[in-house]
Amino acid sequence: MMIQDILSKLIMEALNQAKLGGKLPIDGIPEIMLEHPREKAHGDWATNIALVLASKVKMPPRAVAQAIVESLNDTQGYLEKIEIAGPGFINFYLSSKWLYEVLSLIKEQGQKFGHSKVGADQKILIEFVSANPVGPMHIGHGRWAAVGDTLANVMSASGYDVKREFYVNDYGNQMDIFAESVAVRYAELLGQDVPFPEEGYRGEYIKDIAREIIAKEGDKYMAISKEDRQEIFKERAYMQILEHLKHTLQGMGVAFDFWFSERALHELSLVKKTIEELRKRGYVYDSEGAVWFKASAFGEEKDRVLVRANGEPTYFAADIAYHKNKFGRGFDRVINIWGADHHGYVARMKAAIEALGYPPEKLEVIIGQLVNLLRGGEPVRMSKRTGEMVTLDELLEEVGRDATRFFFLMRSTDSPLDFDIELAKEQSNENPVYYVQYAYARISSIIRYAKAEGIDLSGEINYNRLETESELDLIKKLAEWPEILERVSRQRAPHPLTAYAQELAAVFHYFYTKCRVVGEDKELSTARMSLSEATRAVLKSVLNMLGVSAPERM
RNA sequence: GCGCCCGUAGCUCAGCUGGACAGAGCAUCGGACUUCUAAUCCGAGGGUCACAGGUUCGAAUCCUGUCGGGCGUGCCA
């Protein structure tokens, strides 16, 4: 049971007690809000309950607070002190007894500390990245890879049953253009003069694919028809890109549970069937030779095309079928991570889901703002037209996985991210990744030393020897970890993790300068060693969630 | 035009369902290594929370409007 729950239960009991004693004429009990005060001088936890109740019971807030405090009965001795402060806040100061219990809990649970069952085994599907299989991943994909993977890590720790999925858009027009691009480069390399398609993919990698075909099989494909050539090249190039995507994701430390092919939807007629179902439900009509979805029935500004006049279904139609399939697979919630350039698509997708009879809130879409790549403060230009861009592979190569992931996870997804390559590469104090990793390496070093000096934690540990401010602050920071995990899960936003990692590292570094772990006093050394071990376990958990390595030495 | 996101210290950004004198990192300035990792620590300066109204006992946070930036507004994906 987390300390908030304990406190909130105590307050609730106090309210009932005060009511029975005639001190507070309340009807119901409002939700009890507890927070960490900004100021350390205001205690470890505070509640505004008296301020909330004051107007209802027509009493001055401080008098309400007084009545509550008088009725509060801390039987377990978790509280050191309770104060009424300011306009009527009640401030709680935790006793070290509770802090020591946190330490023994961490010792017992190790890296499982902070894990919970708030997710209640709800089945969650997180779909992210889903880069088109027509080229290498770009920087923006990297952000979604990091965010999606870390969110999945945290939600799993919070008791959700989470699966990661990559939707492969391996169908339709873009694949044809992709194939044509390869075919044209192939012909070009063999000395033919053919015009490059207007919308073609101009990246150098297209030429590489063509070169490889030539190297392996020469010019034999010039003998067959253009159509056959493109069909063969499409499959080859697709497979190659898909392998490449998997390789890049591996470099990011991301492993998907499922790779879902758009083609499969079409091959199994699921797109057609979904449109038919929508039609049966009365949300489809024909007009101007096309088939339309009545999005306007769900408050959308206009209706959307499902099947074009040329008979080809739209991407949207396939995506509806895809989402129907997701729910059909039994997921309670479906989370999609999309770039801001797709946000106009959210409402219509939700409309479609509603039209199919699913509650639209079962689909959660995280809209992430885009990434700006900088190098030493200067924007790096990228152009889809010329195919000139910095790929995620290059970034990983240059910056490394740890810094890449950490930087991608540092900001709220609501904020556009400035990713400065030079900064991320810098192995200096400007770089928060190393700051956190250094703390980990430092703890590891201390623990190695302590073990060598014969300190061991197998016997009784007298936690009450930990009594200075820097020690207690460190324990309090460790105690926050479950709150962070819960918050990240609830808000579906991983960026508090990096902030916490930095805070925990900072509190540890401070403890390190104030307290010597290994010393003459065996009992004290053991207690501090145990505190170090606890910090190491939690820091390791944080880094694991982030997908950043925890080096034993630096 | 309309929709979504954003506007907080010199820079990059936190600020959870409104709460007590607005936070962090970097940068700047000044200190700390005979002791378990100085990739560290301590201290200082630095803000009309874009602007104007409103709701509230209380607003960076909620509502309305204005200005500024990003993205979107396809029978593209």
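Owing to the predicted nature of the structure, the values given are computational and were not obtained by experimental measurement. Below, all heavy atoms of this structure are taken into account, side chains as well, without hydrogens, waters or symmetry copies. To find a chain, count down the sequence lines: A is the first, B the second, and so on, and within it residues start at 1.
Salt bridge annotation for A:Glu453-A:Arg448: absent, with no cationic side-chain nitrogen under 4.0 angstrom from a carboxylate oxygen. Using a cut-off of 4.0 Å between Lys/Arg side-chain N and Asp/Glu carboxylate O, A:Asp456 and A:Lys451 are scored as not salt-bridged. In summary, A:Asp170 and A:Lys234 do not engage in a salt bridge, as defined by a charged side-chain N under 4.0 Å from a carboxylate O.
For A:Glu267, there are no salt bridge (charged side-chain N to carboxylate O under 4.0 Å, His left out) partners, not counting sequence neighbours. A search for salt bridge (charged side-chain N to carboxylate O under 4.0 Å, His left out) contacts involving A:Asp521 returns A:Arg465, not counting sequence neighbours. With sequence neighbours left out, the side chain to side chain contact (heavy atoms under 4.5 Å, CB included) criterion links A:Ala65 to A:Ala50, A:Ile84, A:Ile90. With sequence neighbours excluded, the residues forming a salt bridge (charged side-chain N to carboxylate O under 4.0 Å, His left out) with A:Glu486 are A:Arg490, listed by chain and number. In this view, A:Glu83 and A:Lys81 satisfy the salt bridge (charged side-chain N to carboxylate O under 4.0 Å, His left out) rule, not counting sequence neighbours. In this structure A:Tyr238 satisfies the ring-ring contact (aromatic ring centres under 6.0 Å, His included) test with no other residue, sequence neighbours excluded.
Using atom C1' as the reference point in both B:G25 and B:G68, the two lie 26 Å apart (nearest Å). For the C1' atoms, the distance linking B:G58 with B:C21 amounts to 14 Å, nearest Å. Spacing between B:G15 and B:C62 at atom P, rounded to whole Å, works out to 12 Å. Distance noted for atom P between B:C42 and B:A52: 38 Å (whole Å). Nucleotides B:C16 and B:U61 are separated by 11 Å at their C1' atoms, to the nearest Å. With both ends at atom P, the span from B:G18 to B:U56 equals 16 Å, rounded to whole Å. Between the C1' atoms of B:A60 and B:G23, the separation comes to 12 Å (whole Å). The gap from the P atom of B:U17 to that of B:G7 amounts to 15 Å, rounded to the nearest Å.
If you take CE on A:Met529 and OG on A:Ser525, they are separated by 10.0 Å, rounding to the nearest 0.5 Å. In this structure, CD in A:Glu533 is found 6.0 Å from CG in A:Leu457, a value given to the nearest 0.5 Å. To the nearest 0.5 Å, the span separating CE on A:Met349 from OH on A:Tyr322 amounts to 10.0 Å.
Between A:Tyr315 atom OH and B:G74 atom P there is a gap of 17 Å when expressed in whole angstrom units. A:His36 places its NE2 atom 17 Å from the C1' atom of B:A20, with the value rounded to the nearest Å. Rounding to whole angstrom units, CD of residue A:Gln437 and C1' of B:U40 are separated by 15 Å. Following rounding to the nearest Å, A:Glu35 (CD) and B:U17 (C1') show an atom-to-atom distance of 11 Å. Rounded to whole Å, the distance from CZ on A:Phe316 to P on B:A77 is 12 Å. When rounded to the nearest whole Å, the span between CZ of A:Phe407 and P of B:G25 equals 15 Å.
Nearest nucleotide to the A:Asn48 side chain, out of B:A14, B:A20, B:G19: B:G19. Each of B:A77, B:U35, B:A20 was ranked by its minimum atom distance to the side chain of A:Tyr345; first place goes to B:A77. When the nucleotides B:A20, B:U73, B:C5 are ranked by their closest atom to the side chain of A:Glu301, B:U73 comes out on top. Here B:C75 is the nucleotide among B:C75, B:U37, B:U35 with the atom lying nearest to any side-chain atom of A:Ala309. The side chain of A:Tyr512 lies closest to B:C36 when the candidates are B:A39, B:C36, B:C16. Listed nucleotides: B:C75, B:U12, B:C5. Nearest to the side chain of A:Gln369: B:C5. Of the candidates B:A14, B:C16, B:A77, the closest approach to any side-chain atom of A:Asn132 belongs to B:A77.
Below the 3.5 angstrom threshold, one finds no donor paired with an acceptor across the side chain of A:His495 and the base of B:A14. Evaluation of atom-type donor-acceptor distances gives a pair under 3.5 Å for the side chain of A:His343 against the base of B:G3. Within 3.5 Å, no donor on the side chain of A:Asp341 pairs with an acceptor on the base of B:G72, nor the reverse.
An aromatic stacking contact between A:Phe89 and the base of B:G19 is absent, as defined here by ring centres under 5.5 Å apart and ring planes under 30° from parallel.
Screening A:Val548, A:Val154, A:Leu409, A:Leu543 for a side chain to side chain contact (heavy atoms under 4.5 Å, CB included) involving A:Leu497 leaves a single residue, A:Val154.
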Reading RNA chain B 5' to 3', what string of ( ), [ ], | and . shows its pairs, if Watson-Crick and G-U wobble pairs count only when both distances fall under 3.5 Å?
-> (((((((..((((.....[...)))).(((((.......))))).....(((((..]....))))))))))))....
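Heavy-atom nearest nucleotides on RNA chain B were determined for A:Ala340 and for A:Ile446, and the one closer to the 5' end corresponds to A:Ile446. For the pair A:Ala439 and A:Leu34, both in contact range of RNA chain B, the more 5′-proximal nearest nucleotide belongs to A:Leu34.
In B:C13 the O4'-C1'-N dihedral to the base is more than 90° from 0, which defines an anti nucleotide.
Within the structure, every side-chain polar atom (N or O) of A:Tyr449 is placed at least 4.0 Å from both OP1 and OP2 of B:C36.
Near-neighbour residues of RNA chain B inside residues 517-539 of chain A, defined by a heavy atom below 4.0 Å, number-ordered: A:Val517, A:Val518. Annotation: proximity of residues 284-293 of chain A to RNA chain B (heavy atom, distance under 4.0 Å) is found for A:Glu288, A:Ala290, A:Trp292, numbered in ascending order.
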Let me see the working for A:Met554 and A:Tyr440 under side-chain contact (heavy atoms from CB on, under 4.5 Å), right down to the final yes or no.
-> CA-CA 9 Å; A:Met554 275 174 83; A:Tyr440 189 83; over 6 Å; no
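In this structure, A:Ser445 reaches the bases: a heavy-atom distance under 4.0 Å links it to at least one base atom across the strands shown. Among the heavy atoms of the strands lying under 4.0 Å from A:Glu552 is at least one base atom, whether or not backbone atoms are also near. Here A:Leu51 lies in heavy-atom contact (under 4.0 Å) with a base.
In this structure, A:Trp292 and A:Tyr285 have parallel ring planes: the angle between them is below the 30° cut-off, well short of the 60° mark.
Every pair tested for salt bridge (charged side-chain N to carboxylate O under 4.0 Å, His left out) that includes a residue from residues 304-317 of chain A fails, sequence neighbours excluded, so the list is empty. Note on residues 127-140 of chain A: pairs passing salt bridge (charged side-chain N to carboxylate O under 4.0 Å, His left out), not counting sequence neighbours, are A:Glu127-A:Lys326.
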What N/O pairs connect the protein and nucleotides 41-47 of chain B at under 3.5 Å? Give each pair on its own line.
residue, atom, partner, partner atom, Å
B:C41, OP1, A:Tyr435, OH, 2.4

